[in-house]
Trainee: 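Starting off with a structure, shown below.
As the structure is a computational prediction, the values presented were derived from the model and not from experiment. Computation of the quantities below employed the complete heavy-atom set of this structure, encompassing side-chain atoms and omitting hydrogens, waters and symmetry-equivalent molecules.
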Amino acid sequence: MSSQRKRLSGRLTKGARSLLLTTSDEHIWIVETLDVHQSLVGKNVIVDGIPTAADRIQADWIGQI
């Protein structure tokens with residue numbers, strides 16, 4: 001996978017095992033992060049990080065839009 005940083009936006013939800021980001025084009029990303037403020041779950045957010053697979057991103061920062 002590329003080490004190019006990526007900035008994604010969409011709705012953050014909690015899946016069975018991890019956080020999920022659903023973008024406006026309905027692409028679902030698995031968000032890998034150590035900590036996220038629970039008030040962001042269910043909100044539209046921006047995720048900034050490095051993709052680790054075609055559908056995964058290691059988030060360095062998550063913030064509400």
Trainee: Take Q64 and N44, measure what side chain to side chain contact (heavy atoms under 4.5 Å, CB included) needs, and give me the verdict at the end.
Mentor: CA-CA 6 Å; Q64 190 170 352; N44 288 323; over 6 Å; no

Trainee: Is it the case that one hydrophobic cluster holds both I30 and I62, taking links as side-chain heavy atoms less than 4.5 Å apart, direct or via other members?
Mentor: no

Trainee: Honestly curious: do I57 and W61 fall in one hydrophobic cluster under the side-chain, below-4.5 Å linking rule?
Mentor: no

Trainee: Quick one, Q38 with L40, criterion side chain to side chain contact (heavy atoms under 4.5 Å, CB included). Give me CA distance, side-chain angles, the key distance, then yes/no.
Mentor: CA-CA 5 Å; Q38 291 303 306; L40 294 175; over 6 Å; no

Trainee: Nearest heavy-atom pair of E32 and T52: which atoms, and what distance?
Mentor: OE1-OG1, 3.3 Å

Trainee: Is there a side-chain contact between W29 and L20 in this structure, where contact means two heavy atoms from C-beta onward sitting under 4.5 Å apart?
Mentor: no

Trainee: According to a hydrophobic-cluster definition based on side-chain heavy atoms being under 4.5 Å apart (Ile, Leu, Val, Met, Phe, Trp, Tyr only), do I28 and V31 belong together?
Mentor: no

Trainee: Restricting to side chain to side chain contact (heavy atoms under 4.5 Å, CB included), what partner residues turn up for D25, sequence neighbours left out?
Mentor: T23, H27

Trainee: Would V47 end up clustered with V41 when hydrophobic side chains under 4.5 Å apart are linked, directly or stepwise?
Mentor: yes

Trainee: How about R11 and L21: do any of their side-chain heavy atoms sit closer than 4.5 Å?
Mentor: no

Trainee: Taking side chain as C-beta onward, heavy atoms only, is L19 less than 4.5 Å from T13?
Mentor: no

Trainee: Any carboxylate oxygen within less than 4.0 angstrom of a Lys/Arg side-chain nitrogen, looking at R5 and D60?
Mentor: yes

Trainee: For Q58 and I50, indicate whether the former's side chain and the latter's backbone hold a donor-acceptor pair under 3.5 Å.
Mentor: no

